[in-house]
Undergrad: 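Have a look at the structure that comes next, please.
Labels below follow one simple rule: chain letters A, B, ... track the order of the sequence lines, proteins then strands, and each chain is numbered from 1.
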Amino acid sequence: MKIATYNINGIKARLPALLDWLKEADPDVVCLQEIKSVDAAFPAEEIEALGYNVETHGQKSFNGVALLSKLPLEDVTRGLPGDDSDEQARWIEATVMGDTEAVRICGLYLPNGNPVSFDAQGAPEREGKYGYKLDWMDRLHARAEALMAAETPALMAGDYNIIPQREDAARPDAWTKDALFLLESREAFRRILNLGFTEAIRTRHPEPGLYSFWDYQANSWERNNGIRIDHVLMTPACADLMTDCGIDRDVRAREKPSDHVPVWVELAA
DNA sequence: ATGCCATTAGAGTAATGA
């Protein structure tokens, strides 16, 4: 079972690129982020024509996540638990039954968190968008704990908006005051990892220079000024099933690309 | 230090992103 995450930065602008990649990469399940569309406007028919079931959790203009799957999507839930007042569409999960295993698949779009304000001592203040990011990560931690406690195959795939380590950025010193790389952000990410999750790419690719995002600005792609912020975190029962993983970086060089590229894992499930 | 570029909504720019 091949499972991918892909921040498409707007389904209206990205449908041709998405369809091309689906045909070529042939994933079984895809977690999409930033569909930037309400559910009713999502072009499900074109994707269903390629053999996918489609479940969306959209909102107007911003954010929005979706799951695509060649296998049935069962027990679909929308929204990250823990705050009924949160109206941003950033979380969707479902169960996919493989040949041998049922896998709980969570698609997420973690808040960016910028801009960050700093106090007189230079410490980031937990307020505004940055406060929302850290609060959201606390809720993610709680959901992650529950997935871990179930002791069954599960993964959380998406745009985490977290640069985990210096080697995950071409120019790490440019990001030290950014919500994606602040120590407090990375600590929150590591607290989740430390529950026992395996981050797919780093198990097989310890080398630096692997990125999943290149800004549209300042010729970032041409200069390979990238960051790795799209991740797949697996429970132990899921990690045991992983046979391969990768980043489809070539997608970034195509016509009218997203600023992110797909990241995928292959499971023997 | 700021904007760079792109997307959406919707008719001007404004908000957002990372």
Undergrad: Could you measure between the two P atoms, the one in B:dA11 and the one in B:dC5, and give it in whole Å?
TA: 26 Å
Undergrad: Whole Å only: how far is the CD1 atom of A:Ile11 from the P atom of B:dA9?
TA: 13 Å
Undergrad: How long is the line joining CZ of A:Arg14 and C1' of B:dC5, in whole Å?
TA: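 Roughly 12 Å, once rounded to whole Å.
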Undergrad: Nearest nucleotide by nearest heavy atom, which residue falls closer to the 5' end of DNA chain B, A:Ala218 or A:Asn9?
TA: A:Ala218
Undergrad: Kindly assign one of parallel, tilted or perpendicular to the pair A:Trp91 and A:Trp136, based on the angle between their ring planes and the thresholds 30° and 60°.
TA: perpendicular
Undergrad: Locate the shortest heavy-atom distance separating A:Val261 from A:Asp248; write the atom from each residue and the value.
TA: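 Nearest heavy atoms, A:Val261 then A:Asp248: CB-O, 3.5 Å.
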Undergrad: Quote, to the nearest angstrom, the C1' distance that separates B:dG12 from B:dA1.
TA: 27 Å
Undergrad: Regarding A:Arg228 and A:Glu199, does a basic nitrogen lie under 4.0 Å from an acidic carboxylate oxygen?
TA: yes
Undergrad: Please classify the nucleic acid contact of A:Lys256 as base, sugar-phosphate, or nothing, using heavy-atom distances under 4.0 Å.
TA: sugar-phosphate
Undergrad: Using the P atom as the point on both nucleotides, what is the distance between B:dG10 and B:dA15, in whole Å?
TA: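 14 Å, rounded to whole Å.
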Undergrad: Would A:Arg126 and A:Asp135 pass as an ion pair if we require N to O under 4.0 Å?
TA: yes
Undergrad: If we take the P atom in both B:dT2 and B:dT8, what is their distance in whole Å?
TA: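 Roughly 28 Å separates the two P atoms.
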Undergrad: Could you run through nucleotides 10-18 of chain B and give me one letter per nucleotide, 5' to 3': B if any protein heavy atom sits under 4.0 Å from the base, S if only the sugar-phosphate is that close, - if neither?
TA: S-----SSB
Undergrad: Is it true that A:Arg139 and A:Asp86 have a side-chain N and a carboxylate O under 4.0 angstrom from each other?
TA: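 Salt bridge: yes.
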Undergrad: Would you mind checking if A:Glu266 and A:Arg204 are paired as a salt bridge, meaning a charged N to carboxylate O distance below 4.0 Å?
TA: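 Here A:Arg204 does not pair with A:Glu266 in a salt bridge, since their nearest N and O are not under 4.0 Å apart.
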